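Just dropping this structure here.
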Amino acid sequence: MPIPADWPTTEAEALAEQERLRPLVQPHDDPGRDPAAPGTLIAGVDVAYDDEHDLVAAAAVLLDRDTLDVVEQATAVGRIAFPYVPGLLAFRELPAVLDALAALTRTPDTVVCDGYGLAHPRRLGLASHLGILTGLRTLGVAKTPFTFDHHEPDAARGSWTPLTDPATGEEVGRAVRTRAGVKPVFVSVGHRTGLDTAVRTTLDLARHYRLPETTRHADSLCRRALADARRTGTNAN
DNA sequence: GCGACAG
DNA sequence: ATCTTGTCGC
């Protein structure tokens, strides 16, 4: 399925859309629910591009939260919907991600995104944006500090330091050490999830590598999907 | 104006 | 994100 008919085309439209969605974000756990409940399905999503051929491929992978086994996966290929503009990444990545998620048979308990959620200039990074659009719980795990500040966490796995917005001083996320002595990842709340839960979930999923198992699987899958599409002509699931 | 800038 | 070889190490 193509790009949503009403998808923003200009930066001005995208900025207005972020302002509209921003107040809808729920930056905390759902009341009366155990966020660490066993037997849940966590989804990982990621996107790969080929600007040359105007192609984008997204992947959605479902993992069992306890065993980290992949239980289902889906991909979606389409045209690039928006250029890369820092702060407006959601408009470039989400159309394909929504298609990949829609192709899944089961609904994930939480979706782990590549990038930020509340840690965003206007508090609506792609993770939060995706949460509002789907109603699903989401959180973001980014690989670089973006425009935020942080101090180096202690070397032990599990240690973390606050990620702050230099403009306001508020904590927008956390720099989390998922592997001893390895560069930290940057976790932020997406939607219907609190920061403690987002960090806990990230650590549970990144037991063996720096990045969550969800993103690692989604990353390799969307690259394969892109290679296929580039070789064939278009779609291929 | 200049530099920085998730993926 | 993507362009790209070998190399050091568990």
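First the proteins, then the strands, lettered A, B, ... as listed; each starts at 1. Being a predicted model, the structure only gives us computed values, none of them experimental.
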Contacts of A:E52 that satisfy side chain to side chain contact (heavy atoms under 4.5 Å, CB included) - sequence neighbours left out: A:D50
Dot-bracket for DNA chain C, 5' to 3', with Watson-Crick and G-U pairs under 3.5 Å, [ ] for crossing pairs and | for other-strand pairs: what is it? ..........
For a 4.5 angstrom cut-off between non-hydrogen side-chain atoms, does A:V47 reach A:V56? yes
If you count every heavy atom of other residues, nucleotides or ligands that lies below 6.0 Å from A:R122 atom CZ, does the total exceed 12? yes
With A:L195 as reference, evaluate A:H28, A:E171, A:R200 under the side chain to side chain contact (heavy atoms under 4.5 Å, CB included) test and give the passing residue. A:E171
Can you list every pair that meets side-chain hydrogen bond (donor to acceptor under 3.5 Å, both in side chains) and has a residue in residues 81-99 of chain A, with sequence neighbours left out? A:Y49-A:E93, A:D51-A:R92
So, with a heavy-atom separation below 4.0 Å from DNA chain B, the residues of residues 116-125 of chain A are A:Y116, A:H120, A:G125
Under 4.0 Å, heavy atoms only, any strand: does A:G87 hit a base, just the sugar-phosphate, or nothing? base
Co-membership, hydrophobic cluster, residues A:L88 and A:W7, 4.5 Å side-chain: yes
Between C:dC3 (C1') and A:R223 (CZ): distance, integer Å: 12 Å
In Å and rounded to the nearest 0.5 Å, what is the CD to CD1 distance from A:Q18 to A:I132? 12.0 Å
Non-neighbouring partners of A:T214 that pass side chain to side chain contact (heavy atoms under 4.5 Å, CB included), sequence neighbours left out: A:I42, A:L63, A:V112, A:L205, A:P212
Could you work out, with side chain to side chain contact (heavy atoms under 4.5 Å, CB included) as the rule, every residue matching A:T164, not counting sequence neighbours? A:D149, A:P162
So, using salt bridge (Lys or Arg N to Asp or Glu O under 4.0 Å) as the criterion, who are the partners of A:R20 when residues are at least two apart? A:E17
Enumerate all atom pairs, one protein N or O and one N or O from nucleotides 6-10 of chain C, separated by less than 3.5 Å.
none

Indicate the atoms forming the closest heavy-atom contact of A:V77 with A:A225, along with that distance. CG2-O, 4.2 Å
So, using ring-ring contact (aromatic ring centres under 6.0 Å, His included) as the criterion, who are the partners of A:H129 when residues are at least two apart? A:F91
Counting runs of three or more consecutive pairs, Watson-Crick or G-U wobble, with each distance below 3.5 Å, where are the stems of DNA chain B? none
Would you say the side chain of A:I80 lies within less than 4.5 Å of the side chain of A:L55, judging by non-hydrogen atoms? no
Counting the atoms with a prime plus P, OP1 and OP2 as sugar-phosphate, which does A:Y84 contact under 4.0 Å by heavy atoms, base, sugar-phosphate, or nothing? base
Earliest and latest nucleotide of DNA chain B, 5' to 3', sitting under 4.0 Å from a non-hydrogen atom of chain A? B:dC5 to B:dG7
Would you classify A:L88 as touching base, sugar-phosphate or nothing, given that sugar-phosphate means primed atoms plus P, OP1 and OP2, and contacts are heavy atoms under 4.0 Å? base
Qualifying residues under ring-ring contact (aromatic ring centres under 6.0 Å, His included), relative to A:H150, sequence neighbours excluded: A:F186
About how many Å separate CZ of A:R192 and OG1 of A:T197, when rounded to the nearest 0.5 Å? 12.5 Å
